[in-house]
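The structure appears right after this line, and notes come after that.
In this text the structure is predicted, and so the values were computed from the model without any measurement. The first residue of the sequence shown is numbered 1, and numbering continues consecutively from there.
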Amino acid sequence: MRIYNNLDVNIASFIICGDIHGEFSELLYKLKLKKVIDAVILIAGDCGIGFEKRAYYDQLYNKLEKTLDKLNCQLLLLRGNHDDPKYFDDELLDFPRMKTVPDYSVIRFRDRNILCVGGGISVDRIDRIAAMKEDRVEEKNNPFYYWENEKPFYDEDNLTELKNSSIGIDTVITHTCPSFCFPVNKSGIQIWLKRDPQLAADLNVERSIPDKILDKLNKDGHPLKEWYYGHFHASHFEVIDDVKFTALNIMELKILY
């Protein structure tokens with residue numbers, strides 16, 4: 001379990017952002033437009049990490065660093081289904097103002113303890129796999145568009161470690177969400193369900209993982225108040241059993257603190 005106790009900037013606020021799909025420059029433009037300063041911004045998955053070679057991200061950070069310095073902001077990246085898990089598992093991006101966050105990391109910000117768990121299922125995976133195979137045949141830089149280990153996973157040991165360490169989780173940030181939260185049906189993806197016979201079952205598994213995380217947190221007596229997620233490209237808010245569940249649209253920003 002990775003615990004972030006002291007973040008690298010003198011921060012005033014903690015902001016959660018929906019999917020950005022690699023559009024880091026657009027995100028920074030939005031931060032400037034909204035006059036966001038002295039903040040940590042956590043992207044709740046689908047950051048777009050892994051579609052390029054490793055050196056690309058060094059170059060990307062060099063382009064972003066000046067603006068991040070000026071705004072005194074730091075980006076924390078949580079993995080989605082449009083991200084290569086190894087960048088997050090191994091914390092391969094560990095720049096002063098941009099870091100990939102492993103699953104089951106805990107961010108301690110002021111009086112908040114924030115659990116972060118990434119992963120999701122790509123509804124368009126059948127086309128992404130086909131494109132990857134086609135590009136490999138044509139020997140185009142060996143690109144990756146899909147990762148078999150994209151889905152979220154349940155880690156009971158890490159959650160038990162939280163209980164034993166007396167860290168009370170009040171906020172959860174995931175890429176996907178519990179099965180009873182919006183959206184509660186599969187409308188809008190029928191074309192993918194027809195083309196990918198295993199997709200419906202895998203999507204049910206995807207949504208069952210946050211269910212298990214929530215059950216474990218409740219069983220262990222965590223003071224859970226809020227849950228944020230991206231993935232579904234829509235804005236939605238609801239309160240279920242005294243927990244506030246917030247879905248974030250693409251590039252949508254929500255201030256946690």
Side-chain angles (χ1 to χ4, degrees), residues 13-23 26-27 30-31 33-34 36 39-48 75-83 101 103 107 109 112-125 150-152 154 169-193 199-218 222-257:
S13 60
F14 191 102
I15 297 172
I16 306 162
C17 179
D19 303 9
I20 68 167
H21 295 283
E23 299 296 336
E26 183 179 343
L27 173 60
K30 188 168 187 175
L31 295 179
L33 197 64
K34 290 183 172 291
V36 174
V40 167
I41 299 94
L42 189 144
I43 302 167
D46 280 3
C47 309
L75 303 181
L76 297 181
L77 315 182
L78 182 65
R79 77 176 179 99
N81 49 290
H82 288 266
D83 296 300
V101 175
D103 290 349
I107 300 170
F109 179 77
R112 307 298 292 266
N113 292 317
I114 306 161
L115 175 66
C116 302
V117 183
I121 296 291
S122 300
V123 296
D124 62 345
R125 62 188 182 182
E150 66 175 3
K151 64 180 180 293
Y154 179 68
I169 297 298
D170 53 76
T171 305
V172 176
I173 302 174
T174 52
H175 186 54
T176 184
C177 68
S179 61
F180 53 81
C181 296
F182 168 87
V184 293
N185 57 50
K186 298 180 177 65
S187 62
I189 61 169
Q190 288 86 353
I191 186 173
W192 301 112
L193 294 170
L199 180 59
D202 287 345
L203 291 175
N204 290 338
V205 172
E206 173 204 286
R207 299 291 292 273
S208 73
I209 301 304
D211 288 349
K212 294 176 69 174
I213 294 171
L214 178 60
D215 288 345
K216 175 67 171 169
L217 292 175
N218 285 334
H222 290 273
L224 187 60
K225 301 175 183 177
E226 298 183 75
W227 192 303
Y228 295 85
Y229 57 99
H231 193 35
F232 300 102
H233 300 181
S235 301
H236 189 81
F237 173 80
E238 58 191 331
V239 180
I240 303 173
D241 294 334
D242 297 323
V243 178
K244 299 174 183 178
F245 291 90
T246 302
L248 300 173
N249 208 335
I250 294 174
M251 292 282 176
E252 182 177 2
L253 302 174
K254 286 290 184 181
I255 298 175
L256 175 65
Y257 207 113

>> Testing the basics here: between Val36 and Ala39, what is the closest heavy-atom pair and its distance to 0.1 Å?
In response: CG1-CB, 3.8 Å

>> Among residues at least two apart in sequence or on other chains, which ones pass side chain to side chain contact (heavy atoms under 4.5 Å, CB included) with Lys186?
In response: Ile189, Leu193, Ala200, Leu203, Asn204

>> Measuring only between side-chain heavy atoms, which start at C-beta, is Glu226 closer than 4.5 Å to Thr246?
In response: no

>> Using modelled atom types and a 3.5 Å cut-off, is there a donor and acceptor pairing between side-chain atoms of Arg207 and backbone atoms of Cys181?
In response: yes

> Measuring from Phe245:CZ to Thr174:OG1, what's the distance to the nearest 0.5 Å?
Replying inline: 9.0 Å

> In terms of heavy-atom contacts, does CG of Asp242 have more than 12 from other residues, nucleotides or ligands at under 6.0 Å?
Replying inline: no

> Ignoring hydrogens and geometry, is there a side-chain-to-backbone donor-acceptor pair from Asn218 to Asp215 under 3.5 Å?
Replying inline: no

> Just wondering, do Leu256 and Ile114 contact through their side chains at under 4.5 Å, heavy atoms?
Replying inline: yes

> Going from CD1 on Ile169 to SG on Cys116, what distance comes out if it is rounded to the nearest 0.5 angstrom?
Replying inline: 8.5 Å

>> Show, in sequence, the C-alpha distance, side-chain angles and deciding distance for Val117 and Ile209, and conclude whether the side-chain contact (heavy atoms from CB on, under 4.5 Å) test is met.
In response: CA-CA 10 Å; Val117 183; Ile209 301 304; 5.7 Å; no

> Between CG of Leu253 and CG of Leu31, what distance do you get to the nearest 0.5 Å?
Replying inline: 6.0 Å

>> Suppose we screen for side chain to side chain contact (heavy atoms under 4.5 Å, CB included). Which residues come up paired with Asp211, at least two apart in sequence or across chains?
In response: Pro178, Ser179, Phe180

>> Do Ile20 and Met251 make a side-chain contact, defined as non-hydrogen atoms from C-beta onward lying under 4.5 Å apart?
In response: yes

> Rounded to the nearest 0.5 Å, what separation is found between the CH2 atom of Trp227 and the CG atom of Leu214?
Replying inline: 5.0 Å

>> How long is the straight-line distance from CZ of Phe14 back to CD1 of Ile173, given to the nearest 0.5 Å?
In response: 4.5 Å

>> Can you give me the closest heavy-atom contact between Asp46 and Asn81, atom names plus distance?
In response: OD1-N, 3.0 Å

> Below 4.5 Å, heavy atoms only, C-beta onward: do Asp124 and Ile191 meet side chain to side chain?
Replying inline: no

>> Quick one, Phe232 and Cys177 - any side-chain contact, counting heavy atoms below 4.5 Å?
In response: yes

> Short question: side chain of Arg79, backbone of Glu150 - any donor-acceptor pair under 3.5 Å?
Replying inline: yes

> With Glu206, which residues qualify under side chain to side chain donor-acceptor pair (under 3.5 Å), at least two apart?
Replying inline: Thr176, His231

> Taking atom NZ of Lys254 as the centre, does the number of heavy atoms from other residues, nucleotides or ligands within less than 6.0 Å exceed 12?
Replying inline: no

> Yes or no on side-chain contact (heavy atoms from CB on, under 4.5 Å) for His233 and Asp19, after CA distance, side-chain angles and deciding distance?
Replying inline: CA-CA 8 Å; His233 300 181; Asp19 303 9; 3.1 Å; yes

>> Quick one, Leu115 and His222 - any side-chain contact, counting heavy atoms below 4.5 Å?
In response: no

> Looking at OG of Ser122 and CG of Leu199, how far apart are the two atoms once the value is rounded to the nearest 0.5 Å?
Replying inline: 9.5 Å

> How close do Pro152 and Gly119 get, heavy atom to heavy atom, and via which atoms?
Replying inline: CD-C, 3.6 Å

>> Taking CG in Leu33 as the centre, count heavy atoms belonging to other residues, nucleotides or ligands within less than 6.0 Å. Is the count above 12?
In response: yes

> Is Arg112 paired with Asp170 through a side-chain N to carboxylate O contact shorter than 4.0 Å?
Replying inline: yes

> Do Lys225 and Thr171 pass the side-chain contact (heavy atoms from CB on, under 4.5 Å) test, and can you show the C-alpha distance, the side-chain angles, and the key distance before you say yes or no?
Replying inline: CA-CA 6 Å; Lys225 301 175 183 177; Thr171 305; 5.6 Å; no

> If you take all heavy atoms of Glu238 and Phe182, which pair is closest and at what distance?
Replying inline: OE2-N, 2.9 Å

> With respect to Leu42, which candidate in Leu76, Leu75, Ile15 satisfies the side-chain contact (heavy atoms from CB on, under 4.5 Å) definition?
Replying inline: Leu76

>> Any side-chain to backbone donor/acceptor pair from Glu252 onto Ser235? Under 3.5 Å, distance only.
In response: no

